[in-house]
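Within every chain, numbering begins at 1; the chains are lettered A, B, ... in the order of the sequence lines, protein sequences first and strands thereafter.
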Amino acid sequence: MLPVDDQLKIITSGTMQIVPMDELKAKLAKGEPLNIKLGVDPTSPDLHLGHAVPLRKMRQFQDLGHRVTLIIGNGTALIGDPSGRDSTRPPLTEEQVEANAKTYVEQAAKVLDMDKTTIVHNGDWLKPLDLQSMLRLMSHFNVARILEREDFHNRYANQMPIALHEFIYPVLQAYDSVVIKSDLEMGGNDQIFNLLAGRDLMRAEGMEQQVALTMPLLVGLDGHKKMSKSYGNYVGLTDKPNDMFGKLMSIADEVVPMYFRLCSTLPIDEVDAIEAEFKAGTADPYARKRQLARNICDLYHGEGAGQRAQDAFDAQFKRAEVPEDIPEFPAADIQVNDQGQVYLAKLMADCGLASSVGEARRFIDGGGVKVDGVTIAAKAYNVDPATLVAGTVIQHGKRKFVRIA
RNA sequence: GGGGAUGUGGCACAGCGGCAACUGCGGCGGACUGUAAAUCCGCUCCCUCUGGGUUCCCUGGUUCGAGUCCAGGCAUCCCCA
């Protein structure tokens, strides 16, 4: 294993908080592999780059010789983590949890070294807990402390409901740490309370306490709000390379260095250099953004994927060419009306370019619809069927295409 | 258990009984660009649309007419116990 200081340089890169740092140093100084814990909240089967931030940090731990325990939260899923939420999560069924956990592991495997990863289910020890044990665990916590949490506090202050069972979530998560005897637990910054709850409970049980390490929440494509599926500002780990590349090109300039640090595979020294470049104002944001997008495409889709995505991107947006891989709509399904015309708005709704006929009309009136590169005039909803032969491309905006087949 | 307040389109916030419903945010499209930022313009319930249909927590009622008034319910929050 590397000397403690060298390990720390890698471990601390991009982290938000490490509490307490002294204990981490002491644990590392033993020279033995640490048990790194990450709890998986099996509510969202589709992971995005934000989820990958802690995973990448775990991978760095693995590369340093440490071990990772991935906890599938099939027990805690009965509650749903209230962290950062402004409303109660709906409970999941056992089947949903298992299905979600499976896709989670598949996606996480792109980042983690699965040979150094242990997967366990916390339902195995949480579900057999009897009332007496539950009460004993709960007695180590108090309501005022839990209410101090920002999310609960906000919900309380904003007159939003808080269900009683949501208070138990940190208790159960803390108990996981006791069971697996974790040395360090990772999480997003909104997890800090839950991670510290683990420390409290371990001390109460007379164990060596885990260290809490949090990673910043990744900001989304808009550069302001956190990356989240519900905000629609995310890059999915399973996004096609071309989508991934395009989305990454649209991030705000200011967040490029942070994306390099939290999402790319670039060595720390190079990330430091890029960050300094941006700070000094000498950076070429466009070129750096392209480098970033290539790197991340390579990470999730294999070496060379980034370059191919960049070529496709340049063709579509620099040279305004129609991309190769676009949805098709069979010519046979095109409906002709009484006048022998094709009602274009209806066709657009049918082939998925618009969610309703009325919406398609608005798109046309707004000048955002092209057929074979020619903009359709406002109100020109009817089109001669002869112009819609196989190979014709209908386009809405800059990035939505359908080819008649 | 008692008292009070609130419930409007993705979110926020308006709405003397005549409203498809003000405004802001967000989203989409166009111009300009580096699919960045900033700025400007248009659209943003459904419908082959100078018109029609269905909406303002739910159910009834008053009225020519109700998001707006009345009654009962449901939900959330606050105060007291």
Open item on the list: Given C49(B), G29(B), C46(B), identify the nucleotide with an atom nearest to the side chain of H396(A).
Closed with: G29(B)
Open item on the list: Taking any heavy-atom pair under 4.0 Å as a contact, classify G367(A): base, sugar-phosphate, or nothing.
Closed with: sugar-phosphate
- [ ] Name the pairing partner of C43(B), where a pair is Watson-Crick or G-U wobble with both distances under 3.5 Å, or state none.
- [x] G27(B)
Task: P spacing across the pair G60(B) / C41(B), given as an integer number of angstrom - done: 46 Å
TODO: Write down the atom of G367(A), the atom of T375(A), and the distance for their closest heavy-atom approach.
DONE: O-CG2, 3.9 Å
TODO: Return the minimal non-hydrogen interatomic distance between P257(A) and V271(A), and the atom names on each side.
DONE: O-CG1, 4.4 Å
- [ ] Decide, for C19(B), between syn and anti: a glycosidic angle within 90° of 0 counts as syn, anything else as anti.
- [x] syn
- [ ] Between C19(B) and C45(B), how far apart are the C1' atoms? Round to whole Å, please.
- [x] 14 Å
TODO: Report yes if a donor N or O on one partner sits less than 3.5 Å from an acceptor N or O on the other, where the partners are the side chain of K318(A) and the base of U33(B); otherwise report no.
DONE: no
Open item on the list: In whole Å, measure the gap between the P atoms of C56(B) and U68(B) for me.
Closed with: 9 Å
TODO: Could you check which of U35(B), A36(B), U48(B) has an atom nearest any side-chain atom of N337(A)?
DONE: U48(B)
Open item on the list: Pairing check on A75(B): which nucleotide meets the Watson-Crick or G-U wobble criteria with it, both distances under 3.5 Å?
Closed with: U6(B)
TODO: Would you tell me if any nitrogen or oxygen in the side chain of R290(A) comes within less than 4.0 Å of OP1 or OP2 on U35(B)?
DONE: no
Task: Side-chain donor/acceptor contact of R399(A) with base of U35(B) under 3.5 Å - done: yes
Open item on the list: Just N and O in the side chain of S356(A): are any of them under 4.0 Å from OP1 or OP2 of C46(B)?
Closed with: yes
TODO: Determine the interatomic distance between C1' on C22(B) and the same-named atom on C16(B); round to the nearest Å.
DONE: 15 Å
Task: Interatomic distance, F363(A) atom CZ to M348(A) atom CE [nearest 0.5 angstrom] - done: 6.5 Å
TODO: Can you tell me the distance, in whole Å, between the CD atom of Q310(A) and the P atom of U35(B)?
DONE: 12 Å
Task: Separation of K181(A) NZ from K37(A) NZ (nearest 0.5 Å) - done: 13.0 Å
- [ ] Mind checking the CD1-CD spacing from I192(A) to E185(A)? Nearest 0.5 Å is all I need.
- [x] 9.5 Å
Task: Minimum-distance nucleotide to R362(A) side chain [options: U33(B), U35(B), C43(B)] - done: C43(B)
Open item on the list: Taking 5.5 Å and 30° as the limits, would you call F313(A) and the base of U35(B) a stacked pair?
Closed with: yes
TODO: Would you kindly check whether a donor in the side chain of D365(A) faces an acceptor in the base of G42(B), or vice versa, at under 3.5 angstrom?
DONE: no
Open item on the list: From CZ of R288(A) over to P of A37(B), roughly how many Å is that when rounded to an integer?
Closed with: 21 Å
Task: Counterpart base for C16(B), defined by Watson-Crick or G-U wobble contacts under 3.5 Å - done: none
Task: Minimum-distance nucleotide to K398(A) side chain [options: C49(B), G30(B), A36(B)] - done: G30(B)
Task: Any donor-acceptor pair under 3.5 Å from Y259(A) side chain to V219(A) backbone - done: yes
Task: Pair partner, G1(B) [Watson-Crick or wobble, under 3.5 Å] - done: C80(B)
TODO: Can you figure out which of C43(B), U35(B), C47(B) approaches the side chain of V357(A) most closely?
DONE: C47(B)
Open item on the list: Taking pairing as Watson-Crick or G-U wobble with both contacts under 3.5 Å, can you name the mate of C22(B), or confirm there isn't one?
Closed with: none
Task: M348(A) CE - G29(B) P separation (whole Å) - done: 11 Å
Task: Neighbour count >12 (heavy atoms, 6.0 Å) for atom NZ, K110(A) - done: yes
Task: Counterpart base for U63(B), defined by Watson-Crick or G-U wobble contacts under 3.5 Å - done: none
Open item on the list: Quick check, does Y343(A) stack with U48(B)? I mean ring centres under 5.5 Å and planes off by under 30°.
Closed with: yes
- [ ] Name the nucleic acid region contacted by K400(A), choosing base, sugar-phosphate or nothing; use a 4.0 angstrom heavy-atom cut-off, strictly under.
- [x] sugar-phosphate
